[in-house]
2 protein chains.
Amino acid sequence: MADVAARAGVSVATVSRALSGEGRLVSAPVMERVQEAARELGYHPNNLARNMRAGTSRIFGLVISDVGNPFFTAVARGAEDVAHRHGYSLVLSNTDENPEREATSLGVMIAERAAGIMIATTNENGEALRRSIAMGTALVAIDRRIHGLPTDSVAVDNEGAAHEAVSHLIRLGHSRIAIIGGPRDAHTARERLRGYERAHREARLAVDPVLVTEGTFRETAGLAHTRELLALADPPTAIFSVNNLTTIGVLRALREAGCRVPRDVSVVGFDDIPTAELLDPPLTVVRQPTYRMGVQAAELLIRRILEPAAPVQEVLLTGNLVVRGSTGPRA
Amino acid sequence: MADVAARAGVSVATVSRALSGEGRLVSAPVMERVQEAARELGYHPNNLARNMRAGTSRIFGLVISDVGNPFFTAVARGAEDVAHRHGYSLVLSNTDENPEREATSLGVMIAERAAGIMIATTNENGEALRRSIAMGTALVAIDRRIHGLPTDSVAVDNEGAAHEAVSHLIRLGHSRIAIIGGPRDAHTARERLRGYERAHREARLAVDPVLVTEGTFRETAGLAHTRELLALADPPTAIFSVNNLTTIGVLRALREAGCRVPRDVSVVGFDDIPTAELLDPPLTVVRQPTYRMGVQAAELLIRRILEPAAPVQEVLLTGNLVVRGSTGPRA
DNA sequence: TTGTAAGCGTTATCAA
DNA sequence: TTGATAACGCTTACAA
């Protein structure tokens with residue numbers, strides 16, 4: 001910067017003004033001289049210094065539990081589009097549902113003074129999250145709310161969506177409906193289970209505890225649970241899988257066992273899959289407004305940065321059932 | 001930091017030494033006092049300042065053209081695992097194959113003084129890339145080499161893999177084989193086309209130019225081209241699709257036209273899809289070692305940072321054909 | 001082993 | 001409209 005100043009015959013302060021946002025405080029001829037000098041010298045402002053001066057960076061962190069999950073990449077897309085529009089860059093960080101990696105990610109983002117963080121948390125790092133807020137880093141919870149920490153959040157009405165999916169199965173005549181659940185400590189998993197239960201209650205159907213499973217949000221969990229369910233003396237005639245990855249596991253297990261879908265078993269999944277229509281058979285799902293979730297999350301973040309004292313806002317979006325071929329009347 | 005120093009009764013320099021890497025220069029009791037003071041005060045080092053001092057950050061940028069593509073998320077996983085192990089964070093940036101967004105991404109990473117950049121480039125930003133190298137930012141090309149700029153790179157033997165896929169079709173008796181190509185200016189697309197041509201040449205089969213299409217790496221391109229191909233007087237009996245997303249478009253078009261796969265048309269795709277085995281029929285593909293590409297890219301970056309003058313290294317991995325159900329003998 | 005002080009590249013304040 | 005200068009929070013000679 002000093003070099004540019006020397007070449008343009010002005011002070012560094014003027015160079016700064018000319019090259020940063022304050023261009024209107026600089027006379028036209030000086031502006032021109034500075035820009036030319038910068039170009040000739042191949043000068044590039046150092047954001048590191050700029051940010052350090054400002055005390056914050058133009059970065060949003062998006063902490064997700066699985067980059068490989070289309071759900072999160074769609075969210076990332078939405079968030080990135082909004083962030084970019086407002087001059088922020090999006091840093092994606094993958095935790096693999098591992099609290100330690102999540103803690104590391106958060107540490108980096110806080111240390112790097114991210115302007116804001118969007119997080120689908122494992123809910124094991126309450127303190128780190130609390131600290132980030134205390135340090136003035138804006139925080140938005142995505143998909144899962146944060147236990148005991150009221151923050152802006154964007155989520156889907158999980159209970160309602162699950163209720164819709166299971167009611168669809170009940171309407172088709174199914175009464176032995178299994179649920180491939182998520183981790184017990186995941187908010188989303190619990191809410192979806194509640195929707196499953198409510199649908200049963202409303203139809204005056206008893207829930208057989210044997211058909212209620214609990215695991216991870218991974219394909220392997222869907223695979224293992226479905227195998228167990230099929231080995232039952234009185235196996236389910238329908239399966240509701242609470243996560244897109246577990247759904248894939250379910251389908252694999254059914255195929256492996258030679259079960260025809262939906263003749264032998266109906267399947268409805270929570271959250272869509274890019275190739276859902278091309279599967280054999282096309283998969284019935286509850287679709288979540290993933291892109292919109294990302295958009296909303298980034299917008300909440302920006303609002304929070306602009307108005308740090310604004311009241312906490314909890315956005316609740318709704319999912320909708322997409323009936324394709326994997327659900328049918330009970331045999 | 002000054003507060004911590006005051007509380008621990010030492011100088012800021014000592015605090016710095018105690019809390020950063022130079023712990024061995026500090027006596028045990030002082031070390032303890034400093035750490036306690038830091039904890040009590042909730043002190044978090046400001047990486048912004050640290051990096052500015054160091055002139056570089058502990059960040060790797062990964063610039064990809066499509067976060068929604070499982071190919072890139074798998075690469076990201078590999079790169080992130082290696083980066084993390086070496087104390088770097090991975091910043092993902094999505095360009096949507098848009099040169100302007102790519103330029104912006106690069107600008108941010110250079111300005112942010114990323115320690116290194118891994119990029120699957122559109123090849124429209126040669127100057128920005130050149131500059132990043134000139135500024136000392138390590139650079140590794142992923143998937144696609146950079147025109148006229150020798151850099152470390154990780155890629156797949158596209159021609160060989162395409163050759164294998166098309167030869168497989170030829171062996172099944174097909175002679176009218178269409179290729180759903182990528183953008184003309186994408187290195188990868190050209191190489192895969194060459195593999196397609198070589199397979200024909202070796203089998204003494206003529207290539208019908210009508211069957212050679214060219215488009216984008218998007219689902220819509222596969223859809224549109226396949227529709228056109230099916231409308232031909234003498235349509236192909238097999239289709240080789242050079243990208244996983246276009247392959248999905250191909251399958252959609254075939255389903256829409258009521259074509260049975262592989263009875264009416266065989267399909268082989270380049271690059272695997274997570275649900276490939278569950279599709280109807282299961283999809284035959286050339287699989288790329290995606291995770292390993294990410295690992296290698298990050299390793300090349302680290303090597304380059306450690307040894308800036310090391311000779312350029314171009315890593316070439318090989319794909320392998322996975323035969324599933326979408327290819328069969330000519331009707 | 002510890003402290004003093006200079007400096008990293010910016011921007012903001014104040015004065016001219 | 002411009003310039004001199006003091007921060008921002010940290011690390012690292014150099015000295016003690």
Side-chain angles (χ1 to χ4, degrees), chain A residues 1-38 41-59 87 107-115 135-137, chain B residues 1-38 41-59 87 107-115 135-137:
Chain A
M1 201 153 148
D3 293 348
V4 176
R7 184 169 194 117
V10 296
S11 71
V12 288
T14 302
V15 173
S16 170
R17 278 188 286 257
L19 264 27
S20 64
E22 306 303 339
R24 54 196 161 65
L25 298 180
V26 176
S27 69
V30 169
M31 182 63 136
E32 210 167 303
R33 249 164 44 222
V34 170
Q35 290 184 332
E36 192 179 320
L41 262 40
Y43 166 80
H44 254 260
N46 182 336
N47 267 11
L48 245 31
R50 219 174 234 184
N51 294 339
M52 132 121 166
R53 184 66 235 256
T56 178
S57 67
R58 297 293 286 185
I59 287 183
V108 169
M109 304 219 163
I110 294 174
E112 220 74 41
R113 298 297 190 272
M135 295 207 40
T137 308
Chain B
M1 202 155 144
D3 294 346
V4 176
R7 182 166 195 118
V10 297
S11 72
V12 289
T14 303
V15 173
S16 169
R17 281 188 283 256
L19 265 27
S20 65
E22 306 302 339
R24 55 197 159 65
L25 299 180
V26 178
S27 70
V30 168
M31 181 63 135
E32 209 167 304
R33 247 159 53 218
V34 170
Q35 290 185 331
E36 192 180 319
L41 263 39
Y43 168 80
H44 254 261
N46 182 335
N47 268 8
L48 247 31
R50 209 174 245 183
N51 295 338
M52 133 120 168
R53 183 64 231 266
T56 177
S57 68
R58 297 291 287 184
I59 286 182
V108 169
M109 303 219 166
I110 294 174
E112 221 75 43
R113 298 296 191 272
M135 296 209 36
T137 308

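Per chain, numbering begins at 1; letters A, B, ... match sequence-line order.
- You'll find that the side chain of B/Asn46 is closest to D/dG9, out of C/dT2, D/dG9, C/dT10.
- Considering only side-chain N and O atoms, B/Ser27 lies nowhere under 4.0 angstrom from the phosphate OP1 or OP2 of C/dT1.
- Looking only at atom types and distance, the side chain of A/Asn51 has no donor-acceptor partner in the side chain of A/Glu112 under 3.5 Å away.
- Counting non-hydrogen atoms under 4.0 angstrom, B/Ser16 reaches a base of the nucleic acid.
- A donor-acceptor contact under 3.5 Å links the side chain of B/Arg17 to the base of C/dG3.
- With B/Leu19 as the fixed residue, the side chain to side chain contact (heavy atoms under 4.5 Å, CB included) test singles out one of B/Thr14, B/Val26, B/Val34: B/Val34.
- Regarding contacts with the backbone of C/dA12, every side-chain N or O of A/Arg53 stays at 4.0 angstrom or more from both OP1 and OP2.
- To the nearest 0.5 Å, the span separating OG1 on A/Thr56 from CE on A/Met135 amounts to 10.0 Å.
- With C/dT10, C/dC8, C/dG3 as the candidates, the nucleotide lying closest to the side chain of B/Met52 is C/dC8.
- The separation between A/Leu19 atom CG and C/dG9 atom P is 15 Å, rounded to whole Å.
- The CG atom of B/Asn47 sits 11.0 Å away from atom CD1 of A/Ile110, with the distance rounded to the nearest 0.5 Å.
- As a whole-Å value, the separation of B/Arg50 CZ from D/dT12 C1' is 14 Å.
- Contact annotation: A/Thr14 side-chain N/O to D/dT2 OP1/OP2 distance is not under 4.0 Å.
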